[in-house]
Amino acid sequence: MVDKTDDSADSRGLPLSARAMGARAAPYLDQLNPAQREAVETLEGPVLMLAGAGTGKTRALTARIVHLLNTGGARPGEILAVTFTNKAAREMKERVAEMLGHGVEGMPWLGTFHAICVRLLRRHAELVGLKPNFTILDTDDQLRLLRQLVQAAGFDEKRWPARHLAGIIDAWKNRACTPDKVPAADAGAFNRHGPELYAQYQARLRELNAVDFGDLLLHMVTIFQTHEDLLEQYRRRFRYILVDEYQDTNIAQYLWLRLLAGGHHNICCVGDDDQSIYGWRGAEVGNILRFEKDFPGARVVRLEQNYRSTPHILAAASAVIAGNQSRLGKTLWTELDSGERLRLIGHWDGEEEARWIGEEIESMQGGTRGMRPFDLDEIAILVRASHQMRAFEDRFLTTGLPYRVIGGPRFYERLEIRDAMAYFRIVMSPADDLAFERIVNTPKRGLGDKARQVIRGIAREHNVPLLEGARIAVEQGMIKGKGSAALGRLAADIARWGRMAGEGEPGHMELAGIILDESGYTEMWQNDKSPDAPGRLENLKELVNQLDAFENLQGFLEHVSLVMDNDQNDGAARVSIMTLHAAKGLEFPAVFLPGWEDGLFPSQRSMDESGIPGLEEERRLAYVGITRARELCTISFAGNRRVFGQWQSSMPSRFIDELPEAHVEVLTPPGLYGGHGVGAGHTAPAQEHDLDDRAAQADGYNSPGWRRLQQRLQVRGGADAPGARQVLDLEAAGSFVVGQRVFHQKFGYGPITAIEGDKLSVDFEKAGPKKVVARYVSAGEDVPF
DNA sequence: CAGGAGAGGGTTTTT
DNA sequence: CCCTCTCCTG
């Protein structure tokens, strides 16, 4: 996020509201409970707000900012408010503005760690050997660079993947280790060349005038550690510091905060140790557990009144998280009515699970078993790993249930977006070698490996960037054939576009269009006959449209390198599908938690790599999942699942055994998962027809839900057998005729040109001709979306 | 040098 | 199973 406000904001007078508020009672304080109020009104000194799920943490945090402005005498530019995600930053900005009753343009230092560090680093880049216009590499660029280094060092990429090295280096950066400070214990990393390659990588980044994500924090910590005067200056500037999601901070972020808070100790950290789910990324729960030691005299405030979930949901979540040893401990309570118990259901396999959830969602919309009707956008499916999403997508595509995947492939990670961005980058910074490499032969200009070798050689010889090397190579006639002219033209074009950007004429949106058109990039996709080409052109158009919100290309590049979300707010109600990680901070009236099987959740890998702490983090993930639900929470598991195309059977998650019986309604016949509660072991899942009467009589298994399930199972009978499935598919195809206009969620609308078995040939209007399976297609006219 | 076929590898989680 | 990368052919 790029905000145009600069230091001038700091010197502005008090906001009008401060004077206006002076005598009157502050309405925003009246809305707070006593604990929240304490956290808001304790303005001086260190404060730790331990805020359980759904306890009004954001409200307290924003009220605190407003309170600082109104009565603390803080000017907007004197408050440093850091969040973890862009979404959280945006939300906080909005809510502060709302509470203040006017715009929040005067809060220049409210943002993510990364965004704030970019701003700081641009000002002081030269202190770490960079120029202010450094580029920020994404993971892809980072990997490419590391791959080069690994190869140059003579490593076999197969045995020593650059990916692995990237992970090691990231871990070092998360711990604020510069190459010279790598702990001796890590000397053996990456076949004992880890530290050396790390140093090379950092040197290379400096040459390229580039940083990666980790560097943003790392460089700022280095700068503050080595330039006391500068640190002192910022300590005076940021009189008050607020930190959201403190449990997610890594060591570098922790050091950064400690340095800045070092003088006045006016730091307020908000977090929940029970929701620390980013340990794998370097987050240190220890940071929050240790807060009182780090800041002696800290006021610790516990927010325990939950405004979100029913008592059943809270009780279940509390029981699960109680299984963790290392936690500060909180007791959530609520004044809400008890509502529905959690629901637990087992399935034969993953597809059955997806099918059941789909059907359940359908009936929930009309109101079922005495519950109120739920809208689609009140419902979310939260999975452990993103590959679980596919089963649901497949199923919902088939039945036409509108859904939205949150955190899927990100806009800016797409090929065409990255290419376009590379063009913009090389125009704005001609020394951006990575961008040059990316676009030099895209579209094809007849510049293959050989030509690139020559360019690299010349650039190295003259000690200039690749683009300049290319210019020299052309001048000296060292590129053969057609490539020579094309390369010369490219170099000239880039220079010309750069001049246009400098003159600000034409506007940057137009310029972006010109670059993409004149480079031949747009044309490349226009001539591409693959089905996804039209979509890519759409994306490029969208990219140019997004430029509208920015002053210039430079600002836009910044934005894209830090911000990842592209919310598709098309207004239509949809079920949300996302990972548990992506769901943190969100809430939904009804939540489905599928895939609760040992190995999947808790993830085998977490347990293997991190042992008990790993398992505890998984348990926190379970806690986060359950507490996302306001009214209804449905947990499910499948006995069998296809992994890498192979069938695997698994046992129900151990977390299921930790659910308190009194708060759970079991929709599954016990034969399916080996019983619940007393003596519940991990028996292998039995077949569906294992239902037995004894179970049906047991209290808790005789619920309306269970009877419904039984009915469903009987009605469906053997429809799941492979033979039956094929018949269904043929029937599906049979309901279409050639020439009929149909709709496909991915490809859009188009007429059927041929039918073979269950496959339809459709000439999609946007995506072009494609063969699709009949059940992914619906009749074109009256589709709900 | 470009485009297609085949093999191999990868699934946590993301700023 | 699906995607990416590599090798081979035209």
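In what follows, chains carry the letters A, B, and so on, assigned in the order in which the sequence lines appear, proteins first and then strands, with residues in each chain numbered from 1.
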Rounded to the nearest Å, what distance is computed from the [atom1] atom of residue [X] to the [atom2] atom of nucleotide [N]?
X        : N      : atom1 : atom2 : result
A:Glu245 : B:dT14 : CD    : C1'   : 14 Å
A:Leu621 : B:dT13 : CG    : C1'   : 8 Å
A:Phe84  : B:dT13 : CZ    : P     : 17 Å
A:Lys87  : B:dT14 : NZ    : C1'   : 12 Å
A:His114 : B:dT14 : NE2   : P     : 14 Å
A:Leu580 : B:dT13 : CG    : P     : 11 Å
A:Asp394 : C:dC2  : CG    : C1'   : 12 Å
A:Met578 : B:dT14 : CE    : C1'   : 15 Å

Using a cut-off of 4.0 Å on non-hydrogen atoms, how would the nucleic acid contact of [X] be classed: base, sugar-phosphate, or nothing?
X        : result
A:Phe113 : nothing
A:Thr139 : nothing
A:Ile277 : nothing

Can you list the residues that meet the salt bridge (charged side-chain N to carboxylate O under 4.0 Å, His left out) rule with [X], with sequence neighbours excluded?
X        : answer
A:Arg628 : none
A:Arg175 : A:Asp186
A:Arg163 : none
A:Asp138 : A:Arg418

Is there side-chain contact between A:His387 and A:Val643, with heavy atoms separated by less than 4.5 Å?
no
From the candidates B:dT14, B:dG3, B:dC1, the one with an atom nearest any side-chain atom of A:Tyr278 is B:dT14
Between C:dT4 and B:dT13, how far is it from one P atom to the other, in whole Å?
15 Å
For A:Phe134, what residues pass the ring-ring contact (aromatic ring centres under 6.0 Å, His included) criterion, not counting sequence neighbours?
none
Using nucleotides 6-11 of chain B, report all nitrogen or oxygen pairs with the protein that are shorter than 3.5 Å.
| unit_1 | atom_1 | unit_2 | atom_2 | d |
| --- | --- | --- | --- | --- |
| B:dT11 | O2 | A:His387 | NE2 | 3.2 |

Keeping the roles fixed (side chain from A:His581, backbone from A:Ile277), state whether a donor-acceptor pair exists under 3.5 Å.
yes
Which residue lies more 5' along DNA chain B, comparing A:Thr85 with A:Leu447 via nearest heavy atoms:
A:Leu447
